[in-house]
Amino acid sequence: MKTKMFCYQCQETAGCTGCTMSGICGKKPDVAAMQDLLVYTTKGLSAVTTAVRAEGGKISADVNHLITLNLFTTITNANFDKEMITARIRETLLMKDDLLATLVDASSLPEAALWNGPESEFESKAADVGVLSTEDKDIRSLRELITYGLKGLSAYSKHANALLQDNEEIDTFLQRALASTLDDTLTAEDLTALALETGKYGVEGMELLDQANTRNYGNPEITKVNIGVGTRPGILVSGHDLRDLEMLLEQTQGTGVDVYTHSEMLPAHYYPAFKKYSNFIGNYGNAWWKQKEEFESFHGPILMTTNCIVPPKDSYRDRLYTTGAAGYPGCTHIPGEIGEKKDFSALIKHAKKCAPPAELEQGEIIGGFAHAQVLALADKIVEAVKSGAIRKFVVMAGCDGRAKSRNYYTDFAKALPKDAVILTAGCAKYKYNKLDLGDIGGIPRVLDAGQCNDSYSLAVIALKLKEVFGLDDINDLPIVYNIAWYEQKAVIVLLALLYLGVKNIHLGPTLPAFLSPNVAKILVENFGIAGIGTVEDDIKLFFAE
């Protein structure tokens, strides 16, 4: 039987409608099918955990961690390895059956909670439980909006878990919400409310990770990051997991091997704790989508700690290593559970045989403007706003991507009035963080808070400014939102902003394909969500007096 697929969870989905032959990301139909089945079985497990809690039972951290890792594994560009995903399905079914045995009453559970077929049935079952198994377009749209938000929340929870931080309330909600996407009695109104509740826990999940990061590594501080190279062999670390980076830095001390960050790992340089490592050289390259050329010229091994894998060229496939939720067929996977020390000796040994990285560029870029650092400058920023030196802040957080239409964000940054300051987080920054946009009274015109999860910092900053200016409504601040999105972590950030009451967010380069016309209408009418236009028109719109 030829495996069919349907996937529209990311911005690059084919024709802005859905990938049906093969994923634009490089995901093949058989991998897409196993990801669909993993989501389905994880929903089933979540229905069981929710029922266990309702009967007064407890759910172990191991079960919570398995559920978040399962969802993280299905995020765009995280895992292309069918065997790894299939193994997670088997583990999920075993764990589900163990919990089912503890229930007093399982009569009201959905089919997903009860199904446990052999591996020989996985492919046929996957064909029945994918996105299109929900026939009503609006219910399907809302279910997927919630599911994608929960995938993003799982990613942030997983990073916090790696730093031994858990939140039972977040896990309980995540599993209840995931199980609710199986409930055919829920109306569009019910699911819309659940989507906003997902945003509430998105804020809490990002706060949990922010606390985990800052407790372990200190508050990010203004930092100039080298974008050149050294003379020794190196290891390039991409993705988002700071604990993986920390373990690698510890293990490379005294080995003669340098460590560089790539893409979303750039903000690691802003944390004080990482500055003690003399072999932590700088950032190499740009956003994730340029990795085929940049990984080739790096010469040394690359560690993918999370999503953002582009199917590798043969020229460096043997140098690509994965860990955590990430995986790619034929690439070495570094194992290690939460709380365990991972062994990166294979990468270090490999690096010693490689030439130093080829230089791509020279110079420095500046970042480290997370909430603690910006609030330390609050008096200076408030005075600049009151004096008119800063007219508006423009939140340009989110994701970068391959589409030529994303050049809009570079052109938009260049066209901004000189009294506008960009607030950014995520890899969207690579569209403009190397432009010479200058400063306003010593305040850089690009304030980079960090990774995509550090969009939390942008929310904290906005709420603090609302308080300082004595405003009743966050939308009365001189802040506009022009956000680029790509995958599911951007979805949870969007839902978090909507929960906080932020309106009139512009989202691009296209609106999500998973929003049905009626669901899109709800977002437009209730929250003012809009797409992007031309740079000229949007500048006029945002800065009209």
- Message: Could you walk me through whether E204 and Y499 satisfy the side chain to side chain contact (heavy atoms under 4.5 Å, CB included) test, starting with their C-alpha distance in whole Å, then the side-chain angles of each, then the deciding distance to 0.1 Å, before giving a yes or no?
- Response: CA-CA 11 Å; E204 294 186 13; Y499 166 74; over 6 Å; no
- Take N79 and Q35, measure what side chain to side chain donor-acceptor pair (under 3.5 Å) needs, and give me the verdict at the end. CA-CA 9 Å; N79 200 305; Q35 288 188 358; over 6 Å; no
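The side chain to side chain donor-acceptor pair (under 3.5 Å) pairs that include a residue from residues 303-312 are H240-T306, N307-K489, where partners are two or more places apart or lie in different chains.
Taking the six-membered ring for Trp, Y316 and F298 have ring centres at least 6.0 Å apart.
Here the closest non-hydrogen pair linking P312 and R317 is O-NH2, 3.7 Å. The two residues P311 and Y328 make their nearest non-hydrogen contact at CB-OH, 3.3 Å. Closest heavy-atom contact between I422 and A413: CD1-CB, 3.8 Å. Pairing each heavy atom of I75 with each of A155, the nearest pair is CD1-CB, 4.0 Å. A pairwise comparison of heavy atoms in L194 and S180 identifies CD2-CB, 3.7 Å as the closest pair. In terms of heavy atoms, D454 sits closest to A425 at C-CB, 4.0 Å.
The local environment of NZ in K313 is crowded, with over 12 non-hydrogen atoms from other residues, nucleotides or ligands closer than 6.0 Å. Counting non-hydrogen atoms of other residues, nucleotides and ligands closer than 6.0 Å to CD of E340 gives a total above 12. Residue-environment remark: CD (E119) exceeds the threshold of 12 foreign heavy atoms within 6.0 Å. Within a 6.0 Å sphere centred on NZ of K342, other residues, nucleotides and ligands contribute more than 12 heavy atoms.
H269 and N226 share no side-chain donor-acceptor pair at under 3.5 Å. In this model, a donor atom of one side chain and an acceptor atom of the other lie less than 3.5 Å apart for T92 and N70. No side-chain donor from either of N219 and Q373 sits under 3.5 Å from a side-chain acceptor of the other. For the residue pair T510 and Q11, a side-chain donor N or O sits within less than 3.5 Å of a side-chain acceptor on the partner. N279 and T252 share a side-chain donor-acceptor pair at under 3.5 Å. Residues D448 and T424 bring no donor and acceptor atom of their side chains to less than 3.5 Å of each other. Side chains of S60 and D62: a donor-acceptor N/O pair is absent below 3.5 angstrom, by distance only. For the residue pair K352 / T255, no side-chain donor-acceptor distance below 3.5 Å is found, with atom types taken as modelled.
How far CH2 of W485 is from CG of D400: 14.0 Å, rounded to the nearest 0.5 Å. Between M265 atom CE and S238 atom OG the span is 7.0 Å, to the nearest 0.5 Å. We find the CD-CG distance between E294 and L360 to be 5.5 Å, quoted to the nearest 0.5 Å. Interatomic distance, Q451 CD to Y156 OH, rounded to the nearest 0.5 Å: 8.5 Å. In this structure, CE on M396 lies 11.0 Å from CG on N433, to the nearest 0.5 angstrom. Atoms OH and CD1, on Y409 and I483 in that order, are 9.0 Å from each other to the nearest 0.5 Å.
Counting heavy atoms from C-beta on, the side chains of T147 and K43 come closer than 4.5 Å.
Every side chain to side chain contact (heavy atoms under 4.5 Å, CB included) that V460 has, sequence neighbours left out, goes to H371, L375, Y456. Y486 pairs by the side-chain hydrogen bond (donor to acceptor under 3.5 Å, both in side chains) definition with E12, not counting sequence neighbours.
Between F274 and Y277, the ring planes are tilted. Angles from 30° to 60° get that label.
E246 has a carboxylate O that lies under 4.0 Å from a charged side-chain N of R243, or vice versa, which qualifies the two as a salt bridge. With salt bridges taken as basic N to acidic carboxylate O contacts below 4.0 Å, none links K292 and E296. Between K434 and E361, at least one side-chain nitrogen of the basic residue sits less than 4.0 Å from a carboxylate oxygen of the acidic one, meeting the salt-bridge criterion.
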